[in-house]
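Input: a single structure, listed below in structure tokens.
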Amino acid sequence: MLAELFVYAASYRATPPAFRPHLGEAVGLWARGQRQTRAWAPHLANSRGLIDTTIDDLTARRTVVVLGSGPLFDVPVESLCRTFKRVILVDRIHLSTVGQRIDRYPNVERQWRDLSTASNPDALDFLEAIDDLDWVISLSLVSQLARAAPGAGRQVVDGHLDRLAALPCPATLVTDLDYRVFNRHGVMLDTADLLHGRPVPRSGLRWKWEVAPFGEEGHHTRRVHSMAAWPDWRHA
Ligand SMILES: C[S@@+](CC[C@H](N)C(=O)[O-])C[C@H]1O[C@@H](n2cnc3c(N)ncnc32)[C@H](O)[C@@H]1O
């Protein structure tokens with residue numbers, strides 16, 4: 001709790017006022033990631049591994065943009081900073097904790113942006129203004145955008161995924177597809193489609209993310225997300 005208060009306070013001033021209401025949620029995500037290092041390890045290794053191997057396949061390495069970079073749990077930011085001329089991390093919250101990972105690299109910058117097309121259909125237009133854009137990575141973001149847009153979830157999912165598909169450079173997508181809540185007998189108690197009915201190709205990598213093991217959200221329940229990832233969503 002003390003650590004959370006410290007991170008909140010240390011992140012407050014650098015956060016533009018319009019985004020400060022989201023600080024509490026971001027600190028909560030960071031704290032959960034700290035508690036669940038073991039449960040989250042396979043998921044994080046899959047995400048980071050995909051990014052690391054995709055770097056090798058790219059011929060041009062000028063600017064890379066990471067959408068939904070957040071606390072950088074699933075971002076091998078050091079590899080990005082070493083191989084790209086410019087690394088742009090975009091999220092509505094960048095906690096002070098990311099400084100420990102990026103402060104030594106002069107070629108990385110943070111941008112505070114609302115990436116949801118729910119309130120602003122042009123939310124991803126800033127990508128067009130980056131002349132030397134060679135790679136965009138969208139990381140566990142699209143389901144979060146949909147969650148915050150009740151009644152417009154599918155529209156927001158389509159807005160994000162269709163925009164990624166139209167980019168002039170490779171667009172790596174990592175996303176949750178659904179979640180399932182199980183009890184200790186393995187009985188499924190709850191489930192939801194996090195892409196709101198948007199069909200996705202069967203291609204791509206699949207794995208499970210134990211977001212909330214027993215004890216995190218309930219003593220006798222665990223929540224597991226089905227994840228999918230495509231190195232280049234344009235050719236999925
Ligand atoms: C599941 S977290 C993943 C974070 C990061 N990829 C990681 O694992 O360290 C989703 C991220 O999306 C960000 N996010 C949610 N809604 C957003 C929005 N409307 N605009 C920008 N970022 C948003 C959150 O701040 C959070 O960092």
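Here the structure is a predicted model, which means the values were calculated and not measured. One-based numbering, in listed order, for ligands and for the atoms of each.
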Check: Below 3.5 angstrom, do we get any N/O pair linking Trp209 and ligand 1?
Finding: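 N/O-N/O distance under 3.5 Å: no.
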
Next item on the list: Kindly confirm or rule out an N or O of Phe73 lying under 3.5 angstrom from an N or O of ligand 1.
Entry: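 N/O-N/O distance under 3.5 Å: yes.
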
Note to self: Could you check whether Arg223 makes a cation-pi contact with Tyr179, meaning its NZ or CZ is under 6.0 Å from the centre of the six-membered ring and within 45° of the ring axis?
What the structure shows: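 Judged by the rule, Arg223 and Tyr179 form a cation-pi pair.
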
Next item on the list: Assess Arg20 against Tyr12: is NZ or CZ under 6.0 Å from the centre of the six-membered ring, and within 45 degrees of the ring's axis?
Entry: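 Checked: cation-pi criterion met.
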
Notebook entry, point to check: Relative to the ring of Trp230, is the ring of Trp233 parallel (under 30°), tilted (30 to 60°) or perpendicular (over 60°)?
Noted result: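 Ring orientation of Trp233 relative to Trp230: perpendicular.
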
Item checked: Trace of the side-chain hydrogen bond (donor to acceptor under 3.5 Å, both in side chains) decision for Ser69 with Asp91 -> CA-CA 6 Å; Ser69 54; Asp91 203 291; 4.6 Å; no

Give the atom numbers and elements of ligand 1 that come within less than 4.0 Å of a heavy atom of [X].
X      : answer
Leu115 : 18 (C), 19 (N), 20 (N), 21 (C)
Leu29  : 2 (S)
Leu145 : 16 (N), 17 (C), 18 (C), 19 (N)
Gln144 : 10 (C), 15 (C)
Leu72  : 9 (O)
Arg113 : 20 (N), 21 (C)
Leu139 : 6 (N)
Asp114 : 18 (C), 19 (N), 20 (N)

Checklist line | Option set Pro71, Gly70, Gly68, criterion heavy-atom distance to atom 6 (N) of ligand 1, minimum | finding: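 Looking at heavy atoms only, Gly68 sits closest to atom 6 (N) of ligand 1.
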
Notebook entry, point to check: Which is closest to atom 25 (O) of ligand 1 in terms of heavy atoms, Ile93, Leu141, Asp91, Val174?
Noted result: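 The option holding the nearest heavy atom is Asp91.
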
Next item on the list: State, to 0.1 Å, how close Ser96 and Ser11 come at their nearest heavy-atom pair, and which atoms those are.
Entry: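 Taking Ser96 first and Ser11 second, the nearest heavy atoms are N-OG, 2.9 Å.
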
Notebook entry, point to check: What pair of heavy atoms forms the shortest contact from Asp193 to Leu177, and how long is it?
Noted result: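 The pair with the smallest heavy-atom distance is OD1-O, 3.4 Å.
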
Next item on the list: Could you tell me whether Gln34 atom CD has more than 12 heavy atoms of other residues or ligands within 6.0 Å of it?
Entry: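 Counting neighbours around CD of Gln34, more than 12 heavy atoms of other residues, nucleotides or ligands fall under 6.0 Å, so yes.
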
Check: More than 12 non-hydrogen atoms from neighbouring residues, nucleotides or ligands closer than 6.0 Å to NZ on Lys208, yes or no?
Finding: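 Enclosed.
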
Next item on the list: Please confirm whether Ser69 comes under 4.0 Å of ligand 1, counting heavy atoms of the residue only.
Entry: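 For ligand 1, residue contact (heavy atoms, under 4.0 Å) with Ser69 is present.
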
Next item on the list: Give a yes/no on ligand 1: does Ser140 have at least one heavy atom closer than 4.0 angstrom to it?
Entry: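 Yes.
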
Notebook entry, point to check: Between Glu25 and Arg147, does at least one N-O distance fall below 4.0 Å, as a salt bridge requires?
Noted result: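 Judged by the 4.0 Å cut-off on N to carboxylate O distance, Glu25 and Arg147 do form a salt bridge.
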
Checklist line | Shortest protein contact, atom 16 (N) of ligand 1 (heavy atom only) | finding: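 Of the protein heavy atoms, Arg92 CZ, 3.5 Å lies nearest.
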
Next item on the list: Give the residue and atom name of whichever protein heavy atom lies nearest to atom 7 (C) of ligand 1, and the separation in Å to one decimal.
Entry: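 Protein heavy atom with the smallest distance to atom 7 (C) of ligand 1: Asp74 OD1, 3.1 Å.
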
Check: Sub-3.5 Å donor-acceptor pair from the side chain of Arg184 to the main-chain atoms of His219, do we have one?
Finding: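 Yes.
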
